[in-house]
Amino acid sequence: MEAARKAPHRPAQLAYDYSLFAPADATAPKVCRDFVRAVLLTLDREPLITPATLCTSELVTNVHLHTKGTAMLRVQLTPARLRVSVYDESHEPPVTPAATGTACWGRGLALVAEVADLWGVAGERAGRFAKGVWFELGEGEVAGSFRPHRIG
């Protein structure tokens, strides 16, 4: 008897697009990180998990701290790129303050800029959401170059 061939755990597809709505709650950054991690694990993209969850956490935390409203997370994945967008209800553009050496915050967008290949502010609205901040990671470039640093 011929050995049964292992069926793929997901259908062949070129692009994936997932969304999640996160309430204005302190748990939103963790919920969104876990969502991004689950998508990447499910689609066999483990090398992107660390940089993607870090950047996602920074963007969702900004929504929680600065807008106090609901966030919409959108994860778009193609064979070559990951794009994560975080939409919020505020019309105010994101601000990248100059962080001082002793400040406890103010480095989030600079961190995203350092880790991601690209990042920016979406030019279009998404339903009731006024703006979106996004980042992109490439499968090859970031997966091989991102290395977490130990502090302390």
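Just so you know, these numbers come straight off a predicted model, no measurement behind them.
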Inset, instruction - First locate atom CG of L137, then atom CZ of R81, and finally report the distance between them rounded to the nearest 0.5 Å. - result: 7.5 Å

Inset, instruction - Under the side chain to side chain donor-acceptor pair (under 3.5 Å) rule, collect the residues that match up with S57, sequence neighbours excluded. - result: R33

Inset, instruction - Any chance you could measure D88, atom CG, to L73, atom CG, to the nearest 0.5 Å? - result: 12.5 Å

Inset, instruction - Give a yes or no on this: more than 12 heavy atoms of other residues, nucleotides or ligands lie within 6.0 Å of atom CD of E46. - result: yes

Legend entry - Side-chain donor or acceptor of K131 paired with backbone N/O of E92 under 3.5 Å: yes

Legend entry - Pairwise distance OG1(T53) to CG(L40) - rounded to 0.5 angstrom: 8.5 Å

Inset, instruction - Taking the side chain as every heavy atom from C-beta outward, state whether V84 and C55 have any pair of such atoms under 4.5 Å apart. - result: no

Legend entry - Euclidean distance, E89 CD relative to T67 OG1, rounded to 0.5 Å: 7.0 Å

Legend entry - Rounded distance (nearest 0.5 Å) linking atom CG of L109 with atom CG of L59: 6.5 Å

Inset, instruction - Rounded to the nearest 0.5 Å, what's the gap from CZ on F129 to OG1 on T70? Could you check? - result: 6.0 Å

Inset, instruction - Only counting residues at least two apart or in another chain, list the ones meeting side chain to side chain donor-acceptor pair (under 3.5 Å) with D34. - result: K30, R37

Legend entry - Results of side chain to side chain donor-acceptor pair (under 3.5 Å) for E58 - residues two or more places apart only: none

